[in-house]
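Here's the structure, in structure tokens; my notes come after.
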Amino acid sequence: MAKINLKQIKEDYNKAASHIHKRIVICAGTGCIANGSLKVYEAFEKALTDAGLDLFVDLKLNYHDDDKAYQLTGSGCQGFCAQGPLVNILPDETMYTKVKPEDVQEIIEKTIKGDEIIERLLYTNPADGKKSKGQLDIPFYKRQTRLVLGECSHLDPGNIREYISHDGYAAAEKAFTKMTPEEVCNTILDSGLRGRGGGGFPTGKKWLFTLQENNPKKYVICNGDEGDPGAFMDRSLMEGNPHRILEGMMIAARGIGSDEGHVYVRLEYPLAIKRMQKAIEDAMEAGILGENIFGSGHNMHIHIMEGAGAFVCGEETALIASIEGKRGMPMPKPPFPAQKGLFGKPTVINNVETLAAVPLIVRNGAEWFNVHGTASSKGTKTFALTGHVANTGLIEVPFGTTLREIVYNIGGGVTNDEGIVTGEGFKAVQIGGPSGGCLTEDHLDVEIDYDSLLKNGAMVGSGGLVVMNKQSCMVQIARFFMNFTQNESCGKCVPCREGTKQMLALLDEIIDGTATEESYELLQELAQVVKKASLCALGKTAPGPVISTISRFEEEYKEHIFGKRCATNNCKALADISIDPEKCIGCGACARKCPVDAITGERKQPHVINTELCIKCGACNDACKFSAVIGF
């Protein structure tokens, strides 16, 4: 196969794209698809065709001079998940939110054919009620630095030619034809890039360790086994810009002297698997992957491995075991994968986000990248922003950004349980997923980076960031994450297998109102044992949410244990059950259903509950047709 000419492909594509009068980009990430974006896409395709417009779904290279051609494409996740399905109209930079199929005809008539803006479909800032025309005006986007995520908002993930038109694979060509392996590794080392999967180990140093191993066969592995609850950064990158991941793997392979790579993706990510597989096939067909790539004399082949969805397989050695066809269980280190990894050969393992940053660094230089961030944490970090916050979604900010900036400016503020921004009510954030820790209002101005979070009892982790309001019970939060890690424990080592099980049982006692002071002391002691004695990072970090919530919300734990009360009324056994006198009409239905005669009151008069007799069975709540019972 002839050597691929990236420059010519870029010129041809951009020339063809210059004939497009307007481009309609519909978010086709998993979140928007779940909200119906594919139906919106189909409605656009039909309506544009019916309107007789010169429509192109796949941009061809043999265009006639027609400045009224239109293009309809999908994109990866555009990040603003709370507002999907999203429709972007370029080059106008108009973004419509929560679009439905029935909105499509109006958009075509007013905005596509003309230049009229449909106000009701624009984003409305909950803080001031101001409407924004597009991403350039929306605080959610304006306050981010989207280096890694930027192209996901408009790039067609299934079009390799469009990726090349954005200088795609230019960095890989540079690495294979103009740089030595040592130069590749040192460029990444000088950039300050650290592993985005949670550990934060310097990426360039890991590559150099592997390069130094004297073995003719080496492997590159992309870790796409993203298992943290609420985290979807890697999934969105694989769905939205799969060629960037492949390019990062190619550069890593050049850096360590490898000719083979594996992308490990959990089975729960079918769209990511589909798009990554297509990207590999397209790159093979184009001659970018395969034999003698870029005429360099080097080969590169990449394979997809579908994982079964075990959280522990996010750990390096467990992931390697899974690819080898064994049960995914961690192994003691050393030897490290750089010395003895996949099939006993030197192996580099990086997560998706880490590899996605690599082509940008090689293309633009180490100095360009480390301008962003802090002294010890360079570049940007993606976070999945979820929980009690107005603007849930996928964000990217430079290291050094504060939690206050993320929660209140990018996130749009804290919401109550009804989803309304109150201006007050912030209680905590859980950062770093089940391996991380809880930060409070006192930490809102802490700069987020690897070292500062560790000093404050948390960690960057893979990038999960869950915001909680004052209606959240912190014991319930700790139990949620402990239940997750206990279920995901591989069972290999006793401290994790049995320790997390007993910690979960003790948390259940606290929530059920049966805990004692001894239970509380045992929970804290167990947490330290599991943290110190577990084999792998899953067990060592599993007690993190418990340790941090006890440290920061000790009074809430003591209130549960000694006062037998949950102030947030989230723990049913400890909730304060009462009857709202304004809603109660005195029908007596609740009193007739109460098995312990704890409810009294005159007919047509508000009733009351004797809390000393109440067993909190919920019969009164089930019987009331007026939602007068409070506490369930």
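As the structure is a prediction and not an experimental result, all values here were calculated from the model. Residues take their numbers from the sequence shown, with the count starting at 1.
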Paired with L147, the side chain to side chain contact (heavy atoms under 4.5 Å, CB included) test is passed by just one of T380, N364, I361, namely T380

### Query
Going by atom types only, do T30 and E239 share a side-chain donor-acceptor pair under 3.5 Å?
yes

Correct closest heavy-atom pair for C81 and G393 would be SG-CA, 3.8 Å

Residue pairs meeting ring pair (Phe, Tyr, Trp, His ring centres under 6.0 Å), one or both in residues 357-380, sequence neighbours left out, come to none

I273 and I304 have their tightest heavy-atom pair at CG2-CG2, 4.3 Å

By side chain to side chain contact (heavy atoms under 4.5 Å, CB included), L267 pairs with (sequence neighbours left out) E306

Is L121 close to E106 at the side-chain level, that is, under 4.5 Å between some pair of heavy atoms? no

For Y450, the ring-ring contact (aromatic ring centres under 6.0 Å, His included) test, sequence neighbours excluded, returns F399

### Query
Taking the side chain from Q71 and the backbone from I20, do they hold a donor-acceptor pair closer than 3.5 Å?
no

Exercise. When you measure from the side chain of Q430 to the backbone N and O of G433, does any donor-acceptor pair fall under 3.5 Å?
Worked result: yes

query = Salt bridge check: are D103 and R120 linked by an N-O gap of less than 4.0 Å?
reply = yes

Separation between NZ (K113) and CG (L48), nearest 0.5 Å, reads 9.0 Å

d(K39 NZ, E102 CD) to nearest 0.5 Å is 10.5 Å

What one should report as the nearest heavy-atom pair of S548 and C438 is OG-N, 2.9 Å

message = Taking the six-membered ring for Trp, are Y123 and F80 closer than 6.0 Å centroid to centroid?
response = yes

Output for pair (I138 CD1, I410 CD1), nearest 0.5 Å, gives 13.0 Å

Treating T354 as the side-chain partner and R196 as the backbone partner, does any N or O pair qualify as donor plus acceptor under 3.5 Å? yes

One should read off an interatomic distance between L453 CG and L403 CG, to the nearest 0.5 angstrom, of 7.5 Å

task: Walk me through it: do Y163 and N159 pass the test side chain to side chain contact (heavy atoms under 4.5 Å, CB included)?
output: CA-CA 7 Å; Y163 179 71; N159 192 330; over 6 Å; no

Closest non-hydrogen contact found for R275 with A28 is NH2-O, 3.0 Å

Would you say that T401 contacts T145 through its side chain, given a criterion of any heavy-atom pair below 4.5 Å between the two side chains? no

Establish, from distance only, whether the side-chain atoms of N416 and N469 form a donor-acceptor pair under 3.5 Å. no

Are the side chain of D12 and the backbone N or O of I9 linked by a donor-acceptor pair below 3.5 Å? no

Sorted by chain and number, sequence neighbours left out, side chain to side chain contact (heavy atoms under 4.5 Å, CB included) with D128 holds for N125, K130

### Task
Applying salt bridge (Lys or Arg N to Asp or Glu O under 4.0 Å), run through D115 and K22 and close with a yes or a no.
CA-CA 11 Å; D115 293 309; K22 286 188 180 179; 3.3 Å; yes

Practice problem: Keeping the roles fixed (side chain from E353, backbone from T382), state whether a donor-acceptor pair exists under 3.5 Å. | Solution: yes

| field | Main-chain N/O of S472 paired with K427 side-chain donor or acceptor, under 3.5 Å | value | yes

Return the orientation label for the Y408 and F426 ring planes: parallel under 30°, perpendicular over 60°, tilted otherwise. tilted

Does one side chain, of S153 or Y141, offer a donor that lies under 3.5 Å from an acceptor on the other? no

Exercise. Sub-3.5 Å donor-acceptor pair from the side chain of N223 to the main-chain atoms of G314, do we have one?
Worked result: yes

Contacts of K131 meeting side chain to side chain contact (heavy atoms under 4.5 Å, CB included) (sequence neighbours excluded), chain-then-number -> E119, L122, T124

The residue among I188, T187, N350 that forms side chain to side chain contact (heavy atoms under 4.5 Å, CB included) with V358 is I188

Side chains of E405 and V397 in contact at under 4.5 Å (non-hydrogen atoms): no

For A390 and A82, the nearest pair of non-hydrogen atoms, with its separation, is O-CB, 3.9 Å

Check: D228 side chain, A231 main-chain N or O, donor-acceptor pair, under 3.5 Å: no

Residues at least two apart in sequence or cross-chain that pass side chain to side chain contact (heavy atoms under 4.5 Å, CB included) with E42, listed by chain then number, are none

For C152 and Q78, the nearest pair of non-hydrogen atoms, with its separation, is O-CG, 4.4 Å

Checking T402, V407, I406 against R404 for side chain to side chain contact (heavy atoms under 4.5 Å, CB included), the one that qualifies is T402

Please confirm whether the ring centroid of H154 lies under 6.0 Å from the ring centroid of H166. yes

Exercise. Under 3.5 Å, is there a donor-acceptor pair between the side chain of E173 and the main chain of L6?
Worked result: no

Rounded to the nearest 0.5 Å, the OG atom of S75 sits from the CZ atom of R23 at a distance of 8.5 Å

| task | Please answer whether the main-chain N or O of L155 pairs with a side-chain N or O of E162 as donor and acceptor at a distance below 3.5 Å. | result | no

